[in-house]
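Each ligand, and each atom within it, is numbered from 1 in the order the structure gives. What you see is a predicted model, and the numbers here were worked out from it, not measured in a lab.
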Amino acid sequence: QDNTKGLKDYYQEFFPIGVAVNGRSLAGQEAHLLLQEFNSITPENAMKMEVIHPRKLEYNWALADSIVAFAQKNRLRVRGHTLLWHEQVPDWFFLDDQGAPVTKDTLLKRLKDHITTVVGRYKGKVYAWDVLNEVIDDNPKQFLRQSKWLEIAGEEILAKAFEYAHEVDPDALLFYNDYNSERPEKRERIYRLVKKLVDDGVPIHGIGLQGHWSIFEPSTSDLEQAIERYASLGLQLHFTELDVSVYPWEKERRRKRPGEIDALTPALEEKQIAQYEMIFSVFRKYKSHITSVTFWNLSDRYSWLDHYPVQGRKNYPLLFDRNLERKKAYYKVVDFK
Ligand SMILES: Oc1ccccc1CN[C@@H]1C=C[C@@H](O)[C@H](O)[C@H]1O
């Protein structure tokens with residue numbers, strides 16, 4: 001057992017420090033670093049609908065089971081991700097045996113079966129679930145994202161997802177999860193949705209703020225105002241998918257342009273160090289509202305941002321480099337009075 005203090009030890013008086021995991025994370029060098037630094041994990045993909053329930057009558061438990069078993073063995077918290085999302089959901093959910101769109105009742109029954117089966121299997125092992133992921137539209141003039149879920153079943157499916165999960169595991173903490181949640185225009189729309197769920201008595205316990213940030217955003221004031229606004233709903237806050245991209249946010253996906261520079265220059269790293277220092281200073285300030293902080297991926301060796309939004313452009317968003325060594329930003333995150 002490595003006796004080096006890790007992020008989880010520096011932050012034990014504040015909140016658990018988590019990381020998104022995939023098959024690679026559970027053995028060898030990556031597992032060693034994970035166990036040294038973190039005390040919470042989120043399956044990056046293993047519990048998404050297209051992975052765990054690829055066909056109507058087929059569940060695929062192997063990877064999710066191995067991740068949960070790893071957590072049990074190492075006494076790590078597990079955040080379940082995610083029960084209703086417009087991405088990484090298989091088409092079969094929305095089609096009847098003749099290939100026509102299903103009715104509202106059929107879709108609600110299928111969602112209930114899915115949630116009951118998945119949440120039921122990990123009852124007592126997964127303490128928190130991202131029940132809804134990203135249902136607020138990207139267009140500031142719209143409210144809810146138009147998806148097949150909403151098209152077929154209407155808004156009530158949102159509350160139902162929470163009710164189905166709560167019915168099968170009343171002890172699980174249930175979250176609404178989204179990104180760009182610090183941008184004032186999106187903050188107010190997330191607030192409006194969550195406030196309605198709370199006012200309607202829906203079993204929701206927290207808000208998941210993904211934290212897919214960059215060296216350009218959020219500002220300190222946007223981050224603090226968002227935390228205060230969401231906390232005013234009386235819910236706990238999880239930062240669920242933290243990374244700090246060294247490039248500005250791009251909405252449209254694209255391929256890397258020939259000759260496009262994707263190096264971590266000293267100038268970019270200095271900006272990233274300052275941003276991580278600000279972020280964790282604010283997190284510590286609001287520790288009474290924040291009950292988990294999870295990074296999305298372990299190290300710069302692999303980040304989902306190497307493929308999104310720009311396919312093939314290397315990113316360097318995390319606290320550990322490609323050799324799994326602590327970056328300068330790490331020391332600014334752990335070195336506080
Ligand atoms: O950054 C974004 C830009 C557009 C849409 C979604 C996102 C964030 N979407 C997240 C990122 C990676 C996935 O693995 C997570 O499940 C998802 O919650």
Side-chain angles (χ1 to χ4, degrees), residues 18-25 40-53 63-64 67 78-90 114 118 126 128-140 142 144-150 158 161 174-183 185-187 189-190 193 206-218 226 237-255 275 279 292-311 313 315-318:
V19 63
V21 296
N22 46 50
R24 282 192 307 278
S25 325
S40 176
I41 56 178
T42 305
E44 182 180 10
N45 289 297
M47 294 182 180
K48 288 172 178 172
M49 296 176 121
E50 71 176 9
V51 176
I52 206 165
H53 196 179
L63 182 55
I67 289 169
V78 183
R79 296 192 81 264
H81 178 79
T82 178
L83 298 175
L84 193 154
W85 190 26
H86 64 285
E87 304 249 4
Q88 294 182 264
V89 51
H114 176 81
V118 174
V126 171
W129 279 98
D130 292 331
V131 174
L132 302 182
N133 199 30
E134 307 175 354
V135 303
I136 296 295
D137 199 276
D138 278 323
N139 179 343
Q142 302 295 325
L144 297 176
R145 182 190 301 271
Q146 282 319 300
S147 66
K148 288 187 183 142
W149 296 110
L150 268 292
L158 304 180
L174 305 179
F175 284 77
Y176 172 73
N177 196 52
D178 214 330
Y179 63 91
N180 288 353
S181 41
E182 296 65 42
R183 292 181 179 182
E185 55 77 16
K186 192 162 181 182
R187 179 193 72 209
R189 292 181 294 140
I190 291 171
L193 168 67
I207 304 173
L209 310 171
Q210 289 182 8
H212 288 303
W213 295 331
S214 77
I215 56 178
F216 302 99
E217 69 172 314
L237 307 181
H238 281 189
F239 286 89
T240 55
E241 307 185 16
L242 179 59
D243 42 30
V244 176
S245 171
V246 296
Y247 309 108
W249 174 272
E250 297 181 56
K251 182 69 199 92
E252 300 312 319
R253 296 181 67 108
R254 66 176 174 82
R255 297 184 57 75
Q275 188 70 340
I279 288 165
S292 175
V293 173
T294 293
F295 288 85
W296 209 248
N297 302 131
L298 180 68
S299 76
D300 292 349
R301 179 174 292 179
Y302 164 80
S303 166
W304 75 289
L305 294 171
D306 297 337
H307 312 283
Y308 184 95
V310 180
Q311 177 62 32
R313 179 185 64 183
N315 211 317
Y316 310 84
L318 299 161

- Note on the structure: The side chain to side chain donor-acceptor pair (under 3.5 Å) partners of Asp306 (sequence neighbours excluded) come to Lys314

- Any residue meeting salt bridge (charged side-chain N to carboxylate O under 4.0 Å, His left out) with Arg253, in chain and number order, not counting sequence neighbours: none

- Message: Assess, by modelled atom type and distance only, whether the side chains of Ser303 and Asn315 contain a donor and an acceptor separated by less than 3.5 Å.
- Response: no

- Student check: side-chain heavy atoms of Tyr179 and Trp213 closer than 4.5 Å: no

- Note on the structure: The answer, listing residues by chain and number that come under 4.0 Å of ligand 1 through any heavy atom, is Lys48, His81, Trp85, Asn133, Glu134, Tyr179, Gln210, His212, Glu241, Trp249, Trp296, Trp304, Tyr308

- Message: According to side chain to side chain donor-acceptor pair (under 3.5 Å), who are the partners of Ser214, at least two apart in sequence or on a separate chain?
- Response: none

- Message: Under a 3.5 Å cutoff, is there a donor and acceptor pairing between the side chains of Asn45 and Glu50?
- Response: no

